[in-house]
Every structure is written in structure tokens, then in C-alpha cells.
Amino acid sequence: MTKITLLSLSIALALSACSNDEHTTTKTPVDTEVTSSETETKSEMTAEQASEKLNQLFAENFEAGLALNPIQATAIGDKRFNDQLPNFLSPEFQKKSHDFTVKWLDKVQSIDRSLLTGQDRLSYDVFVYQSEMALEGEQFPGHLIPINQSNNIASFFAQLGSGKSLQPFETVEDYENWLKRVDDGAVLMDQVIINMNQGIEQNVVQPKALMEKVIPQLKAHIVDSPEESVFYQPITNMPESFSEEDKERLTAAYKQSIKEDIIPTYKKLHDFIKDDYLEHARETFGLSEQPNGEAWYDYQLKTYTTTGLSADDIHQFGLNEVARIRSEMEQVMQEVEFEGTLADWFSYVQTNPEFYYDNEEDLLQGYRDLQTKVNKLLPSMFDIQPKADYEVRAVEAYRAESSAGASYMPGSPDGSRPGVFYVNTFNLKGQPKYGMETLSIHEAAPGHHFQISLQQEVEGLPMFRRFGGLSVFSEGWALYAESIGKEMGMFTDPMQYYGRLSDEMLRAMRLVVDTGLHAKGWSRQKAIDYMMENSSMADTDVVSEVERYIAWPGQAVSYKVGQREISRLRAEAEKELGDKFDIREFHTQILIDGALPMPVLKTKIREWIDSKKSA
């Protein structure tokens, strides 16, 4: 799972895009100031002028967007707004976000698309697609359920303040910037309570099972002294180069901030959820149980797949894939001469201690060793590689219990902050040795780290494409990357290949379970039972996965949908190009333009195939 759309990198983006049911998708004039060049009609522009104007607009839009969303600026290493954290959830901000989207969509659409070619046309299509999807989503009241056990502004804020995430703590100014951001964070978390109270009034509430998991996450930050807080870690790790005067001043300021601002803020939110919200939380689980929930889930599917696939289509796709993968698992059983049923096999791999580490450090070192191994194999399949490196870290203890088994956080494009492959060591039985090769490929190289870093490093792309993301592309690519592991020289051990199948089974089950929960009335327990019956996953991992799907409707289906589309495009290219097909060149074509909606990617690869055939 990557953190582009979803959790730490994108939480602020997600919050800023939260819908506001007071707004419609009707375009309204929001900017009366125009320049002379903006008064040009489409017909008056030449192709060269259209290209120049379009890229000027993209640059201006991205710059204005950083001021609107300072967390994105911090994420890409731009320090100008590191002291700011807007109230993403307030009606005022949502209105500002709506107006911003309409304003820039109108500006871009004032350019005649027929004048554009190549990258310019791709950029135009992606920008318009994303803007229109954002406006369409405003009809759904996501801002009334702004927190859950998986996507949690409180935990994200703690990551920022820990000194081990996006927020830099290298200079005295960095330390002072964080103190200012703390003030804004308290306002934002107060808004969480305001919005959740409005959700109670409108019967738009989270499932009780999810919110019970939030309580210990918040309680972890209600400590007896500032020194016990994760927010004190930057003081513990303060650079030696700071003057004694600065050290004393900042230490005192951080102690005061933690004691008087941070701890009371977390206690207030904790007490609200525990003592008030829980009694109003719902016993149901699917998004379809919310007001206008069926349409809301359809929108989620469209957002995360960039296709028109229905819940029924996706559910059946999942059932078919689960059956196919079970058959391949049985072939592995035969290869290792295991006697028994598939259920017996699942029990065997779950309970055999040889398949698990007994300490965290050995597990993490195993992934670091794989990093070295995979890096040596990449040139056989790729003629491009990112400059940026990544490091392997354990998920922080305060969020580990409810976090996914692994995730990736992008680094900064200048290399000053490496990408991070997070491994959840909360339950070592959830991290089998046989799953390590496929997980490393997915999260790091040639999966998320590889794809995202390349995207950030392509200087010719507009900034919104370099630092944007689409789940169906990034997750689809990472799952496709797993599928080429054998070609790369991985999975030579049958058990490692079983690990590959096990991970693909997880993604196939997601198609069934996500649609089951949100479109077919499945209970949480039914979803858990289905996953236990079809996998050797640890029970803690199954529960965490199912609750993630409940919290994040539609996202989990993007993996297999994206992988299927990329695999189809490869098969089409291989068939039509024959000897002219080069796998490294194909991979470059998929990756070099960053994340694209599936229809746009299909058109791009189709044009590449045609150009190769005629060459």
C-alpha cells in the first residue's frame, strides 16, 4: 500500500478535497481579474501559444496550490509553508477549495484541446479529469466522518511532530515552524469534533467497530509528562550545532506546547469519541448504509479505478481471481510434496515457526538484504531507474496495531529525505518469511518507491503530475511489479512464489470483500470469515485489512483493476509488435509519464504500439 492517496502523504490532500454538501458542482465565476493573454479566444491561439499558455497555467496552479495546501509543500521539500496547517475541514476552507478547483478548471478549459499534442494533451486530460472528479465528489459528506482508525489526522499529526516524517527538524527555524504548526493543529482537531457532531445530527457516522480502535491511538498521546510524548523526540534528537541558548529556549517552548496544547487537544478528542461519539456510531459497516450511500460508493469506485466498472463487475472479477489463485496455490503444495487440503496448508504455514522471525531487527534486516538483491536484478527489466534511495523502518508503535502490514512514504525529489518502506512489526506472525520478496517488490523496487521516485524526477512533467497520484495506477503498477518477479530472477524458492500468490490472493479477496461490504450488505464478520477461508493470513492481519476496507471504501479494488489493465496492455503490445517488443522499453512507456487514468494510459500505449509498428 502506498501513501500517495492514502494516509500520511495524502491525508491533507484528502481532507482538502472533502465534500461539502452546501456546494454544488455548478461552475461559478470566482476570479474577475484577467490578463490580456486570457482574453484570447481559442481560435486565435496557435499550437505553440496553446502549449506555452497551458504550461504557464499548470505552473501557476501548482504554486497557488502549495499555499492552499502546505502539507503538500512540506512533502516535496518546499519549506516555505512549514509553519502552517490550514483548517482543511472548515466550511470556509472547503468553499475556498471548491472555488480554487473551478477557477483553474475554467482557465485550463479555455485552451483548445485540439491544438495540443503529446505531453501537453496528456496533462490537459489528467488535469480536467481530476478537477471534474473533485467537483463531483463534493455532493458526498465525507467531511462529516473525517477520522477513523486508518485515516487519522491525529496520528498523522503525531508522525509530523515526531521528527521522523515529512516535517524537517534540522535548523532552529524548523523547530520554530513546528511550534506554529501546533497551534493550527489544535484548531483542526477542534474542527474534527465540530464536524463529527454535525455528522451525528445528519446520521452520517462511522461504524462503532472502527472508532473503538481510534481510542487507544489517541490515548497514547495523553501522557503524564512532556518527555514521554512522541512530540518530544525532536528535542531528544536536537542537533548538537544549536547554541546552548537555543537549546534551552526550544526545550522550554516544546515542553510548554506539549503540556498546554498537544496533550489537552488529544484528551479532548479522545474524551469526545469515547464518551459521546461511540454511543451514536453505527453497528453497520457498508457505505451503502449511509445517506445516499449507493451513489457515494459508485463514486468511490469510479475515483479509485478511473473506470466505469460496477460493483457487480468487480465482485465477479474477484470471485474468478480467487478461484484461479487457489488452483495455483495447490500446484505449489504439490511441488513441495505437501499432503492435505488447502485448508491444511494454510494451517501449516500459519503455525510452522520456521516461516517466521522471532525478533523485529532480524525481520527488518531481511528486507534490507532484499533491497541489495533486487537492485542488482533491476537492469534486466528496466532501462531507467530512480536516483532516490529508500530505507526500511518499522511502523511506529503508537499506530502499529491498526496499520497495514506495510506501506511506503515517498521521499523528497531532491534526495534530502529518502523514501521509507514501513514494515509493521506489531505481530511478527503477520510477516512471514515467504512473503518478503513479493512485499519488498511491491512497496519498494520496482514497485512504489521505484515508480513514485521516477515520477517525481521527470523534470519535463508539470508539477501537478510529478507530485500527483492515482491509486489505480500506483497500486496497479506495484501489483504488476510483483507479477514480473519470476522474470526478474526472484521467487526461485517455491515458498517465496507461494508468498507471491498469497499477496495476489489478498488483492483478489479485496475485490470480493470491498464490494461485499459496501454494495452487498456483508457484515464485518462475513468479510473476516471469507478472508480466513481463502488465505493463510494471520487473524490480526485479516481483521486490520477488513477494517481498512470499511474505513476506505473502494480504494482496495484499485490494485487488481490497475494490474489487469497494465497486463492487458503488455499482452497487446507483445502480440502486435512481435520481435520489435522490448520489455524495458514497454516499462519505460508505462512509467515515464507518471500516474495516468486507465483510459488515458490505454490511449498512450496504443499510440506507442502504432508508432513502433510503422517505424
Side-chain angles (χ1 to χ4, degrees), residues 6-7 11-12 14-22 85 87-91 93-94 140-159 184-223 261-293 296-297 300 398-403 517-518 523-525 527 543-544 546-553 555:
L6 0 123
L7 207 47
I11 186 169
L15 290 175
S16 69
C18 280
S19 58
N20 183 340
D21 53 5
E22 294 177 358
L85 182 62
N87 187 351
F88 295 107
L89 293 170
S90 68
F93 185 90
Q94 290 175 54
F140 305 111
H143 61 293
L144 301 183
I145 46 173
I147 192 170
N148 56 55
Q149 90 296 349
S150 180
N151 198 356
N152 185 327
I153 183 61
S155 290
F156 175 67
F157 193 64
Q159 280 183 279
D184 290 340
V187 173
L188 178 56
M189 281 192 265
D190 279 346
Q191 188 71 46
V192 168
I193 296 175
I194 292 170
N195 287 18
M196 293 176 81
N197 270 319
Q198 292 175 357
I200 291 172
E201 295 173 2
Q202 298 180 34
N203 199 32
V204 179
V205 293
Q206 294 281 26
K208 185 176 182 179
L210 302 190
M211 298 310 295
E212 288 174 338
K213 296 290 179 70
V214 173
I215 293 172
Q217 293 177 355
L218 298 173
K219 190 175 182 180
H221 301 294
I222 306 171
V223 293
D261 297 321
I262 292 174
I263 294 175
T265 293
Y266 278 90
K267 187 175 189 305
K268 183 178 180 181
L269 184 55
H270 169 276
D271 292 349
F272 164 72
I273 292 173
K274 180 175 179 289
D275 300 332
D276 190 358
Y277 192 81
L278 271 187
E279 68 177 274
H280 300 286
R282 58 192 173 98
E283 299 293 339
T284 57
F285 303 99
L287 190 60
S288 59
E289 301 297 328
Q290 298 274 32
N292 200 26
W296 195 348
Y297 185 54
Q300 293 291 106
Y398 61 83
R399 66 184 182 95
E401 185 173 0
S402 297
S403 293
L517 286 165
H518 297 294
S523 68
R524 170 180 175 274
Q525 191 58 50
V543 170
S544 177
V546 168
E547 292 179 345
R548 171 190 160 190
Y549 312 150
I550 295 170
W552 206 353
Q555 190 274 339

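Only a predicted model underlies this, so the values are computations on that prediction, with no experimental measurement involved.
- The side-chain hydrogen bond (donor to acceptor under 3.5 Å, both in side chains) check on Asn195 picks up Gln191, with sequence neighbours excluded.
- In this structure, CE in Met189 is found 10.5 Å from CG in Asp261, a value given to the nearest 0.5 Å.
- Listed by chain and number, the residues in a side-chain contact (heavy atoms from CB on, under 4.5 Å) with Glu201 amount to none (sequence neighbours excluded).
- Residues satisfying the side-chain contact (heavy atoms from CB on, under 4.5 Å) criterion with Lys274, sequence neighbours excluded, are Ile215, His270.
- Residues Pro553 and Gln300 share a closest heavy-atom pair of O-NE2, 2.9 Å.
- Looking at residues two or more places apart in sequence or on another chain, you find a ring-ring contact (aromatic ring centres under 6.0 Å, His included) between Tyr266 and His221, Phe231.
- A distance-only check finds no donor-acceptor pair linking the side chain of Ser150 to the backbone of Ala551 [under 3.5 Å].
- Residues that satisfy the side-chain hydrogen bond (donor to acceptor under 3.5 Å, both in side chains) test with Thr265, not counting sequence neighbours, are absent from this structure.
- Here the side chains of Gln290 and Tyr297 are not in contact, with every heavy-atom distance at 4.5 Å or above.
- A donor-acceptor contact closer than 3.5 angstrom is absent between the side chains of Gln149 and Arg548.
- Listed by chain and residue number, Glu228, Ser229, Ile263 satisfy the side-chain contact (heavy atoms from CB on, under 4.5 Å) test with Val223 (two or more places apart in sequence, or in another chain).
- Between Phe285 and Leu517, the shortest heavy-atom contact is CB-CD2, 4.4 Å.
- Annotation: salt bridge (Lys or Arg N to Asp or Glu O under 4.0 Å) contacts involving residues 185-199, sequence neighbours excluded, comprise Asp190-Lys268.
- Listed by chain and residue number, Lys267 satisfy the side-chain hydrogen bond (donor to acceptor under 3.5 Å, both in side chains) test with Asp271 (two or more places apart in sequence, or in another chain).
- In this view, Tyr549 and Arg510, Glu545 satisfy the side-chain hydrogen bond (donor to acceptor under 3.5 Å, both in side chains) rule, not counting sequence neighbours.
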Item to check | Trace of the side chain to side chain contact (heavy atoms under 4.5 Å, CB included) decision for Glu212 with Leu278 | outcome: CA-CA 8 Å; Glu212 288 174 338; Leu278 271 187; 4.0 Å; yes
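- Using a distance-only test at 3.5 Å, with no hydrogens or angles considered, no donor-acceptor pair links the side chain of Ser155 to the main chain of Asn152.
- With sequence neighbours excluded, the residues that form a side-chain contact (heavy atoms from CB on, under 4.5 Å) with Val205 are Ile200, Tyr277, Arg282.
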